[in-house]
Enquirer: 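Starting off with a structure, shown below.
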Amino acid sequence: MPHIFINTNRSLGTIDPNIYGQFSEHLGRCIYQGIYVGESAEIPNINGMRCDVVKALKALHIPVLRWPGGCFADTYHWRDGIGPQAQRKTIVNTNWGGVSEDNSFGTHEFMELTRQLGCEAYFSGNVGSGTVQEFSDWVEYCNMGGVSPMASLRRENGREAPFNVKYWGIGNEAWGCGGNMRAEYYADLCRQYSTYLRSYSPDHKIYKIASGANVDDYHWTRTVLERAGHVIDAVSLHYYTLPHQDWQHKGSATEFTESEYYTTLHKTLRMEELVENHSRIIRQFAGGRKIGLAVDEWGTWYDVEPGTNPGFLYQQNTMRDALVAAINLNIFNNHCDTVCMANIAQMVNVLQAMILTEGSKMVLTPTYHVFALYAAHQGAQQLESYAETSILRHDNEAVPTLHVSASRAADGKILITVANLDAAHPAEAQVLLGGVKAAAVNGTVLCGTADARNTFTAPDAVQPKALSAVLTADGFTAALPACSVAAFTVTPQ
Ligand code: AHR
């Protein structure tokens, strides 16, 4: 029987709630249709935001939402998206499908979305095709409480109080769609932009996130940290899970072999190595300052659903994705000493989404349910955990059967989240709790075949359900179904 050890006496610190962040780009049907339908739409909405989608997302307690991109951010000129909607410029989304969009969703609408969700805003600013002045003006527009040209413009547009946007990304993927820059060039630009991104109140200091590395580009992280580390609060990292590293044939979201299933999980597990190596570099060059790692794009990336616009990145979501989410979130929890934020790509209708919509219909994906199972980790104290588990070998790739993280909330309750990666066999797990005696344990599990999914005709095919656990002298035991993600809440004596 595999053992899971939880040591309640050892912790790396607090799990930053922002690890459970989301990302919403002007891409396909994420913002338009998925979230924002406009006030005159027949779909029930409040100030243009879909009521069904907002209600479902609120249950996840989203801490922070990144916007407007992605690649879109480095083509976005924020002035196009303010003022009376009828007078806004229609632009072409050159990154994603070449579609026109009317800019009816801009700064004020995004801030209304964050108000409805109760989350912080994370703006990704345009460095690739914008100017220092334009970016600096956006911060002033959002955050200046007194009298200034940008604060006056905001007031003309109906908003008296500053929005106090805390998180600002200095470009996106500057090595690629954000300008094809060299690390050295970007580091200099980052210094320059950062100089003019001001905090307008000592009570609302802004938090600057440098555009970070693609996967294992350690030279990028080292160069940015070495040259611009003193002007930033965090540096980002992007790592997507592609079953096949061929961008023309990444693999299907729903039709996959057992071998592709294990390859997907194996590639996801690489996040640990990436987080550890980038974190080492950050520590080496931070000079004692606290600089975080913001994994502000992660998740699965498959071939689009057949028949959909290739530029819209619309994909289905199965139990395989649930395991990918569980593994990544366990890794972020277990590296909460450096990982200050993570933003799954993306919130609705794009890549590894929480929610899929079709007209007025909506389905919650298995990934949504994993975020719900893990929500209580937010702001809790991470606890050391370890799974003594067998190794599953497929082809030349090995993955552990069980993958775990744990935390203790302010009320003393302990949350243990475990994924059983074995697609075919249940695992009888013995959880050993060090430093605490359990008075009660409650379990919930999400499971199904690896390709199980929720569709518009069967929206409840994959649902969390109760999982029994039996208390023992030193913890508890539970039978974890094959291909499952479980969450156990332990009430200590
Ligand atoms: O999330 C989709 C795209 O992936 C983003 O726009 C870009 O930053 C990344 O390459």
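When a ligand or atom number is given, it counts from 1 through the structure's own listing order.
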Enquirer: As an exercise, state the distance from CZ of Phe285 to OG1 of Thr223, rounded to the nearest 0.5 Å.
Expert: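 Nearest 0.5 Å value for the CZ-OG1 distance: 8.5 Å.
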Enquirer: If you measure every N/O of Glu173 against every N/O of ligand 1, is any gap under 3.5 Å?
Expert: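 Between Glu173 and ligand 1 (N or O atoms, distance only) the closest approach is under 3.5 Å.
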Enquirer: Pull out every atom of ligand 1 sitting under 4.0 Å from any heavy atom of Asn172, numbered as shown with elements.
Expert: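 So the answer, numbered in order with elements, is 8 (O).
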Enquirer: Answer yes or no for Arg29 and Tyr314: cation-pi contact, defined as NZ/CZ to six-membered ring centre under 6.0 Å and angle to ring axis within 45°.
Expert: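 Here Arg29 passes the 6.0 Å and 45° test against Tyr314.
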Enquirer: Check whether the side chains of Thr75 and Ser129 place a donor and an acceptor atom closer than 3.5 Å, and report yes or no.
Expert: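 Note: Thr75 and Ser129 side chains miss the donor-acceptor criterion.
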Enquirer: What do we get for Trp96 next to ligand 1 when only non-hydrogen atoms under 4.0 Å count, side chain, backbone, both or neither?
Expert: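 It is the side chain that touches ligand 1; the backbone stays farther off.
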Enquirer: Would you mind reporting whether Trp301 and Leu313 have side-chain heavy atoms less than 4.5 Å apart?
Expert: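 Yes - at least one pair of side-chain heavy atoms lies under 4.5 Å apart.
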Enquirer: What atoms of ligand 1 come closer than 4.0 angstrom to any heavy atom of Cys71?
Expert: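 In order of numbering, the contacting atoms are 5 (C), 6 (O), 7 (C), 8 (O).
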Enquirer: Which one of Arg115, Arg159, Arg88 satisfies the salt bridge (Lys or Arg N to Asp or Glu O under 4.0 Å) criterion with Glu109?
Expert: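 Single salt bridge (Lys or Arg N to Asp or Glu O under 4.0 Å) partner of Glu109 among Arg115, Arg159, Arg88: Arg88.
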Enquirer: Please check whether His238 reaches ligand 1 - meaning an N/O of the residue sits under 3.5 Å from an N/O of the ligand, judged on distance alone.
Expert: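 No, His238 has no N/O under 3.5 Å of an N/O on ligand 1.
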Enquirer: Just to confirm my output: which protein heavy-atom neighbour is closest to atom 1 (O) of ligand 1, and how far is it?
Expert: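 Atom 1 (O) of ligand 1 sits closest to the protein heavy atom Tyr240 OH, 2.7 Å.
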Enquirer: Decide whether the shortest distance between a heavy atom of Phe72 and an atom of ligand 1 is less than 4.0 Å.
Expert: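 Contact check Phe72 vs ligand 1: negative.
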Enquirer: Give the residue, atom name and distance (to 0.1 Å) of the protein heavy atom nearest atom 4 (O) of ligand 1.
Expert: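 Among all protein heavy atoms, the one nearest atom 4 (O) of ligand 1 is Glu297 OE1, 3.2 Å.
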Enquirer: Between His249 and Asp303, does any side-chain donor sit less than 3.5 Å from a side-chain acceptor?
Expert: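 His249 vs Asp303: no donor-acceptor pair found between side chains.
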Enquirer: Counting from 1, what ligand 1 atoms have a heavy atom of Leu351 closer than 4.0 Å?
Expert: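 Those atoms are 1 (O), 2 (C).
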Enquirer: Give the atoms of ligand 1, by number and element, whose distance to some non-hydrogen atom of Gln346 is under 4.0 Å.
Expert: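 Matching atoms, with element in brackets: 1 (O), 2 (C).
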Enquirer: Less than 3.5 Å apart, any donor N or O on the side chain of Thr254 or Gln316 sitting next to an acceptor on the other?
Expert: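 The criterion, which ignores hydrogens and geometry beyond distance, is not satisfied for Gln316 and Thr254.
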Enquirer: Taking only heavy atoms of Phe23 into account, list the atoms of ligand 1 that are under 4.0 Å away from them.
Expert: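 Listed by number with element: 1 (O).
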Enquirer: May I ask you to check if the distance between the SG atoms of Cys71 and Cys177 is under 2.5 Å?
Expert: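 A disulfide is present here, as the SG pair of Cys71 and Cys177 is separated by less than 2.5 Å.
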